[in-house]
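Okay, so here's the structure we're looking at.
Letters go in sequence order (proteins before strands), and every chain restarts at 1.
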Protein chains: 2
Amino acid sequence: MTQQLDSDVHFNVLTETCPSRTSLARIANKWTAMVVIALGTGRMRFGDVHTTVQGISAKVLTGTLRDLERDGLVARYAYPEIPPRVEYELTPLGRTLHTPLRALGSWAEEHIPEVLAARETYDALR
Amino acid sequence: MTQQLDSDVHFNVLTETCPSRTSLARIANKWTAMVVIALGTGRMRFGDVHTTVQGISAKVLTGTLRDLERDGLVARYAYPEIPPRVEYELTPLGRTLHTPLRALGSWAEEHIPEVLAARETYDALR
DNA sequence: CAGTATCCTATATGATACTG
DNA sequence: CAGTATCATATAGGATACTG
């Protein structure tokens with residue numbers, strides 16, 4: 001029994017070589033989180049996601065949705081109509097990600113008073 | 001009963017004006033997530049966090065820890081010794097954040113095979 | 001409508017050197 | 001050891017105009 005125990009505790013995700021880290025880098029992102037939270041309510045058109053996730057630009061939204069699609073988290077349905085209609089929805093895998101991301105969003109909403117108070121205290125001192 | 005129901009579903013965190021969004025922007029970040037996950041194992045010295053969170057630069061680690069401290073998520077203990085010793089640990093509030101962030105890290109580790117497979121499929125087509 | 005293309009700026013991050 | 005300072009670069013993101 002030594003103090004060395006800590007060195008046995010390691011998370012792959014903290015490791016530079018584990019590919020899970022590239023995944024974490026993508027999902028631990030504010031735009032990703034907001035888009036996945038928005039899509040958690042169901043299948044949506046591009047424009048609706050754009051409206052729901054306030055302040056996101058079309059460029060960033062397009063990129064975020066593409067990345068999510070590439071990682072198998074979002075499915076894209078394009079209808080050959082004029083004007084075009086494109087819908088997005090979480091895949092089953094994406095729904096498993098929605099749970100922790102929604103939890104993160106809820107955390108932010110629930111604890112914002114404490115966070116704001118902490119910031120005031122901190123800023124008052126320095 | 002109309003189709004308008006969806007407009008009743010809104011998350012503060014998706015709103016440009018709600019301050020909870022500034023909090024989400026900070027916590028939905030790869031370095032924040034990794035540092036909080038690392039600190040989840042207990043109080044650590046700066047150098048140990050630096051080693052545990054592989055690849056983070058001292059500059060980024062310093063900034064991440066300061067932001068977390070400012071938001072009341074991490075406590076900093078500096079000992080006036082030579083050479084200096086500084087320890088960091090999650091506050092009670094920080095521990096409530098650790099749960100969803102650790103869940104996000106676990107998600108990344110558990111689902112990396114599916115994500116990698118999805119990427120291959122996607123990249124093979126375009 | 002759902003993007004894309006282009007240009008431009010801001011922020012994040014990296015590398016190196018230095019200090020109490 | 002635990003940072004800070006500085007410089008340089010990369011990547012993210014914003015604004016605008018345009019198109020199938």
Mind checking which nucleotides bracket the chain A contacts on DNA chain D, 5' to 3', with an atom under 4.0 Å from a heavy atom?
->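 With heavy atoms of chain A under 4.0 Å away, the range is D:dG13 to D:dG20.
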
Could you tell me whether A:Tyr79 contacts a base, only the sugar-phosphate backbone, or nothing, with contacts defined as non-hydrogen atoms closer than 4.0 Å?
->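 Result for A:Tyr79 = nothing.
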
NE2 of B:His50 versus P of C:dA15: gap in Å, rounded?
->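 These atoms are roughly 10 Å apart.
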
Taking CG from A:Asn29 and C1' from C:dT13, how many angstroms apart are they, rounded to a whole number?
->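 Answer to the nearest Å: 15 Å.
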
May I ask you to check whether over 12 heavy atoms, not counting those of A:Glu89, lie within 6.0 Å of atom CD?
->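 Count over threshold, so yes.
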
Across all strands shown, which nucleotide pairs with C:dG20 by Watson-Crick or G-U wobble geometry, both distances under 3.5 Å?
->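 Its partner is D:dC1 (Watson-Crick or G-U wobble, both distances under 3.5 Å).
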
Path from A:Tyr122 to B:Tyr88 over hydrophobic side-chain contacts below 4.5 Å =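 In one cluster: no.
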
Pair A:Thr51, A:Arg45: side-chain N/O donor-acceptor within cut-off below 3.5 Å =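 No, no side-chain donor-acceptor contact under 3.5 Å.
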
Within-4.5 Å side-chain heavy-atom neighbours: B:Phe11 and A:Met34 =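 No, too far: nothing below the 4.5 Å cut-off.
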
Within-4.5 Å side-chain heavy-atom neighbours: A:Val13 and B:Ile37 =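 With C-beta onward as the side chain, the pair touches.
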
Can the positive tip of A:Arg43 be found less than 6.0 Å from the middle of the six-membered ring of A:Tyr77, inside 45° of the ring normal?
->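 Yes, a cation-pi geometry.
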
Of B:Lys59 and B:Asp48, whose closest DNA chain D nucleotide lies nearer the 5' terminus?
->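 Final value for this comparison: B:Asp48.
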
5' priority, DNA chain C, between A:Ala58 and B:Val60 [closest heavy atom] |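 The answer here is A:Ala58.
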
